[in-house]
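A quick write-up on the structure given underneath.
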Amino acid sequence: MDDTSITAEPGERFTLTVDQNASTREYWYLVDPEPDSSVLVSRGRHRASDSGDEPVPGAGARLTFTFEAKGKGTTRFTLLHCTFTTCQGNNSTLPPATTGPSTPPTTGAATPSPAPERITYTVTVG
């Protein structure tokens with residue numbers, strides 16, 4: 001996750017794995033800008049529970065995004081990290097309708113929640 005530059009050869013597949021925990025409404029999504037499909041395509045994502053084969057309430061999980069390098073070039077894609085304090089209405093398959101900070105209620109002195117974390121990766125296929 002710390003290295004946001006990736007180099008691959010055409011036909012090569014690579015993965016990015018992140019921690020998430022549905023019980024705390026913590027999720028990751030592939031969001032716009034998605035990669036240029038002539039350079040890189042998403043091959044889906046896979047969730048593996050930290051508790052093994054049997055899901056355990058409250059257990060965390062590892063979410064793996066798989067990508068395949070298609071043709072020469074450079075492209076970018078973004079992963080969005082939502083938590084219950086940064087995204088309203090998110091679930092395991094559906095990112096929130098808005099990915100900016102939530103607005104404070106019209107009554108009271110509550111402050112808006114922070115914006116969700118975004119990590120943009122640059123992929124060079126050569």
task = Show your working on side chain to side chain contact (heavy atoms under 4.5 Å, CB included) between T120 and F77 and close with a plain yes or no.
result = CA-CA 6 Å; T120 299; F77 66 89; over 6 Å; no
query: Should V18 and R62 count as side-chain neighbours, where that means a heavy-atom distance under 4.5 Å?
result: no
| field | Minimum side-chain heavy-atom gap F14-T7 below 4.5 Å | value | no
Audit row: N21, E26, side chain to side chain contact (heavy atoms under 4.5 Å, CB included) steps and yes/no | CA-CA 5 Å; N21 191 327; E26 176 187 16; 3.9 Å; yes
Next item on the list: Look at the aromatic rings of Y29 and Y27 and report parallel, tilted or perpendicular, splitting at 30° and 60°.
Entry: tilted
So CG of L63 and CD of Q20: to nearest 0.5 Å the spacing works out to 4.5 Å
Here the pair of heavy atoms bringing V125 nearest to A69 is CG2-CB, 3.6 Å
Taken in chain and number order and not counting sequence neighbours, the residues that satisfy side chain to side chain contact (heavy atoms under 4.5 Å, CB included) with S37 are V41
> Should L30 and F65 count as side-chain neighbours, where that means a heavy-atom distance under 4.5 Å?
Replying inline: yes
Across all chains, not counting sequence neighbours, the side chain to side chain donor-acceptor pair (under 3.5 Å) partners of T64 are T17
* Asked: Is a donor on one side and an acceptor on the other found under 3.5 Å between the side chain of W28 and the backbone of C82?
  -> no
Problem - Flag side-chain contact, heavy atom, 4.5 Å: P33 against T78 - result: yes
task = Compare all side-chain heavy atoms of T4 with those of T122 and state whether any distance is below 4.5 angstrom.
result = no
Rounding to 0.5 Å, atoms CD1 (I6) and OG1 (T75) come to a distance of 11.0 Å
Original post:
Are R118 and H81 side-chain neighbours, meaning at least one heavy-atom pair lies under 4.5 Å?
Top reply: no
By side chain to side chain contact (heavy atoms under 4.5 Å, CB included), S38 pairs with (sequence neighbours left out) D36
Under 4.5 Å between any side-chain heavy atoms of E68 and E12, yes or no?
-> no
*asked:* Side chains of L79 and L16, heavy atoms from C-beta outward: is any pair under 4.5 Å?
replied: yes
Taken to the nearest 0.5 Å, the spacing of T124 OG1 from E9 CD works out to 11.0 Å
